[in-house]
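The block underneath contains the structure these notes are about, expressed in structure tokens.
Given the structure is predicted, the values throughout are model-derived calculations rather than measurements.
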Protein chains: 2
Amino acid sequence: MAQQRSENTREQVMAAAVELFCRLGYDACGVAEICATAGISKGAFYHHFPSKKALFLAIMDRWLQSIDERIAGFRAAGSSVPRVMQAMTGAMESIFTDASGQLPMFMEFMVQASRDQAVWEATIAPYRTYQTQFARMLAEGKDEGSIRVDLDEQSAAWVLIAFLVGTLLQGEVMPEAADWKLVVKTGMRMFLDSVQRSAE
Amino acid sequence: MAQQRSENTREQVMAAAVELFCRLGYDACGVAEICATAGISKGAFYHHFPSKKALFLAIMDRWLQSIDERIAGFRAAGSSVPRVMQAMTGAMESIFTDASGQLPMFMEFMVQASRDQAVWEATIAPYRTYQTQFARMLAEGKDEGSIRVDLDEQSAAWVLIAFLVGTLLQGEVMPEAADWKLVVKTGMRMFLDSVQRSAE
DNA sequence: GAAAAAACCGACCAATCGGTCGGTTTTAAT
DNA sequence: ATTAAAACCGACCGATTGGTCGGTTTTTTC
């Protein structure tokens with residue numbers, strides 16, 4: 001049990017910070033408050049993180065990593081477009097159920113990203129990856145005949161991502177306004193409808 | 001020229017605040033900085049606004065009002081679904097061109113809305129209005145035969161709004177990543193495709 | 001078990017924050 | 001010209017902020 005204690009407090013700090021960043025925002029909550037919630041001292045905090053912003057970056061890195069793992073699941077689902085869409089729908093629904101509480105962090109990421117270069121690059125990179133992957137998938141679908149050939153797959157991929165991001169945002173800001181799982185399902189089906197080669 | 005001066009400085013303060021809120025964020029920029037940018041003193045500031053938050057609310061009210069005016073244009077475009085969609089597309093494109101600079105405020109609104117009740121209600125109200133109007137429009141389209149009857153118009157309306165919000169967000173955070181006008185156009189066409197009664 | 005290293009503590013600091021206040025200048029009314 | 005009110009000024013205040021530092025406790029190493 002060498003560095004077990006160290007890693008433990010580090011984890012406690014990050015957990016406390018996520019909760020406070022969500023509820024109060026990055027600027028509105030102080031380091032002292034994070035320390036109190038985590039049950040440690042300020043000295044311990046600055047022993048693990050060089051600054052408040054570094055803590056934020058660490059949380060973001062971990063979050064992006066977990067997203068990457070989710071995305072990796074899509075490839076395992078196969079390369080057929082309808083099948084991947086189905087997997088995506090399921091993943092989105094699971095996000096809405098069990099991870100909806102920590103979604104405010106997503107907004108915090110966005111806001112910070114628009115003002116800090118380092119945060120910006122880390123946030124933007126995965127987006128481009130998803131878009132590229134999905135666009136390629138659509139292009140393959142064209143070849144195999146399941147996707148209509150007059151579709152602009154680059155724009156279509158962005159349309160899907162924009163829809164998902166928008167739904168996530170609204171689901172967070174006004175969770176009671178609609179059945180967001182149903183909205184996701186409907187949107188996915190509409191997307192599929194307009195992307196697939198019309199059956200004849 | 002009675003209260004001309006007063007209104008003038010008030011406008012200067014709001015303009016300075018918008019610019020600083022966009023670039024630095026609400027919490028990260030101080031009242032003193034706003035005053036310096038506006039070229040007035042702190043005393044003058046608190047003569048016009050009771051608090052920093054009140055200034056924020058005032059900016060938001062003005063923004064929501066301008067949105068309402070844009071929306072009013074849609075009704076003038078007629079009640080036919082395809083026609084309204086076309087008008088919406090045009091409006092979105094114009095937003096991307098001439099108003100893209102002040103879009104970071106939108107994020108600021110969202111973030112504040114998730115934490116402050118008063119801001120929340122003001123932000124949420126118009127969304128529900130748009131969704132309601134558009135859902136009704138789709139329902140009418142069902143009756144007149146231009147919209148497929150198996151569509152859930154409530155969810156479909158949310159799908160559209162989520163797509164537009166997501167596009168706006170992404171277009172702001174990564175303006176160079178795609179031709180966002182084209183994305184809007186593509187998304188609108190896809191939406192129309194899947195909503196309209198399939199031609200036979 | 002001694003000594004070195006890592007983890008931790010909490011009082012403290014300079015800087016900054018939103019907001020106040022007594023006083024001055026500008027404008028409007030008489 | 002006088003006066004009252006509105007607009008404006010900027011020094012100041014208490015509170016809070018991110019971050020520091022000398023010292024203590026715990027863990028690891030030999």
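- For B/Ile40 and C/dT26, the CD1 to P distance is 16 Å, given to the nearest whole Å.
- DNA chain C is contacted by A/Lys42, A/Gly43, A/Ala44, A/His47, A/His48 of residues 42-52 of chain A, taking any non-hydrogen atom closer than 4.0 Å.
- If you measure from atom CD of A/Gln12 to atom P of C/dC8, you get 9 Å, rounded to the nearest angstrom.
- B/Cys35 comes within 4.0 angstrom of no nucleic acid atom, judged by non-hydrogen atoms across all strands.
- If you measure from atom CG of B/Asn8 to atom P of D/dC8, you get 9 Å, rounded to the nearest angstrom.
- Residues A/Val31 and A/Tyr46 form a side-chain contact, since some pair of their non-hydrogen atoms from C-beta on lies under 4.5 Å apart.
- In this model, the phosphate group of D/dA7 is not approached by any side-chain N or O of B/Thr9 to a distance below 4.0 Å at OP1 or OP2.
- Rounded to an integer number of Å, the gap from CG of A/Leu24 to C1' of D/dT16 is 14 Å.
- A/Phe45 meets the ring-ring contact (aromatic ring centres under 6.0 Å, His included) test with A/Phe49; sequence neighbours excluded.
- The minimum heavy-atom distance between B/Ala16 and B/Ile34, with the atom names listed, is CB-O, 3.9 Å.
- Taking each heavy atom of B/Gln154 and B/Ala135 in turn, the nearest pair found is NE2-CB, 3.8 Å.
- Between atom OG1 of residue A/Thr167 and atom CH2 of residue B/Trp158 there is a gap of 10.5 Å, rounded to the nearest 0.5 Å.
- For B/Arg62, the side chain to side chain donor-acceptor pair (under 3.5 Å) criterion is met by B/Glu11, not counting sequence neighbours.
- For the pair A/Glu7 CD and D/dT26 P, the computed distance is 21 Å after rounding to whole Å.
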